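First up is the structure itself, then whatever we jot down about it.
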2 protein chains.
Amino acid sequence: MSVTTADAERLVRIGEVARDAGVSVRAVRYYEQQGLLTAERSPSGQRLYPREAGARVRFFQQMYAAGLTSRNIAELLPCIESGHTDAEQRAMLHTERDRIRAKIDDLQAALDRLDEVIEVTASHP
Amino acid sequence: MSVTTADAERLVRIGEVARDAGVSVRAVRYYEQQGLLTAERSPSGQRLYPREAGARVRFFQQMYAAGLTSRNIAELLPCIESGHTDAEQRAMLHTERDRIRAKIDDLQAALDRLDEVIEVTASHP
DNA sequence: CTAAAACCTGACGTTGACGTCAGGGTCAAG
DNA sequence: CTTGACCCTGACGTCAACGTCAGGTTTTAG
């Protein structure tokens, strides 16, 4: 059993990646289009991904949920993969971090407002 | 100085409401279209709002920021104004509350992920 | 009185992350 | 061998909260 054969056996098709990450097949293709994901191709043209692709896609979802755009994530990836950043990238990271922090505070405030409403209407049924 | 005159003097036009709330005039018209806001009309057809309209719009913004839709907010308003809720409304309130809580947790997780990246890339410049 | 600022009603345009449909290959199972 | 699950590439559709433009009336400042 050669190494290359073992490697090939670890490749999965797009459907499995999607199921693994809990997103649609269309979404995975979209991520590729946005430059977030690359895939080998089988002789017949089918996309082949390493197993980690699922986790990678879940990471995308996490960033999307935090309000990052595909472009933001694309800029973020080189930082993660190289473990190295230039000034511009560091600025971007801090900008996004601060944006998320602000958003958390906004959400917390909204939550408090809603809890107020819930409390008031609970005592006045 | 009659009461009605004094009331009339407290009415403001759409531009002031917008500035007060930090949104566009277009947005305020949109909120009316969504049934979130009603306005009297001057003889010439211009919208006239009570002063509290600004605060009301800021409340909308806060809810929008929390991910509520116009429809959600519209359902929410009667609860606030009447201080009374039926079962369906209470369910809605709790659903939205839980959604926001979950979103805060998601954001916190994303923030931690980003801080990881920032820390790693800071020590590997 | 006049010009600028503010307002009005449509109605089409924008953005992002996909959904969905059309039309057609591919591949293990029976 | 054919059926059904899965895959491919376009390319148009969606949804929400507005932006923006057109074409016209009203209000306000000087």
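This is a predicted model, so every value here is computed, not measured. Atoms considered below: every heavy atom in the structure, side chains included; atoms not considered: hydrogens, waters and symmetry mates.
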*Summarise protein proximity over nucleotides 5-13 of chain C in one line of letters, 5' to 3': B for base, S for sugar-phosphate only, - for none, counting protein heavy atoms closer than 4.0 Å.*
--SBB-B--
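Between A:Arg41 and A:Glu32 there is a salt bridge, since at least one side-chain N of the basic residue sits less than 4.0 Å from a carboxylate O of the acidic one. A salt bridge between B:Arg56 and B:Glu81 is present, with a side-chain N of the basic residue lying under 4.0 Å from a carboxylate O of the acidic one. B:Asp20 has a carboxylate O that lies under 4.0 Å from a charged side-chain N of B:Arg58, or vice versa, which qualifies the two as a salt bridge. Under a 4.0 Å N-O distance rule, the pair B:Arg90/A:Glu119 does not qualify as a salt bridge.
When heavy atoms are screened at a 4.0 angstrom cut-off, A:Leu36 is found touching no nucleic acid atom at all.
Judged by distance alone, the side chains of A:Asp98 and A:Thr95 never bring a donor and an acceptor atom under 3.5 Å apart.
Note on the helix from C:dC1-D:dG30 to C:dG30-D:dC1: angle between the axes of the first and last five pairs equals 10°, rounded to 10 degrees.
Pairs of residues two or more places apart, or lying in two chains, never qualify as ring pair (Phe, Tyr, Trp, His ring centres under 6.0 Å) while including a residue from residues 95-114 of chain B. Counting only residues at least two apart or on different chains, no ring pair (Phe, Tyr, Trp, His ring centres under 6.0 Å) pair has a member in residues 39-58 of chain A. Applying the ring pair (Phe, Tyr, Trp, His ring centres under 6.0 Å) rule to pairs touching residues 18-48 of chain B yields B:Tyr31-B:Phe60, B:Tyr31-B:Tyr64, sequence neighbours excluded.
At C:dC18, one or more side-chain N or O atoms of A:Tyr31 fall inside 4.0 Å of OP1 or OP2 (strictly under the cut-off).
Less than 4.0 Å separates DNA chain C from at least one heavy atom of each of the following residues of residues 69-77 of chain A: A:Thr69, A:Ser70.
For the pair A:Glu32 and B:Gln34, nearest-nucleotide mapping onto DNA chain D gives the more 5' position to A:Glu32.
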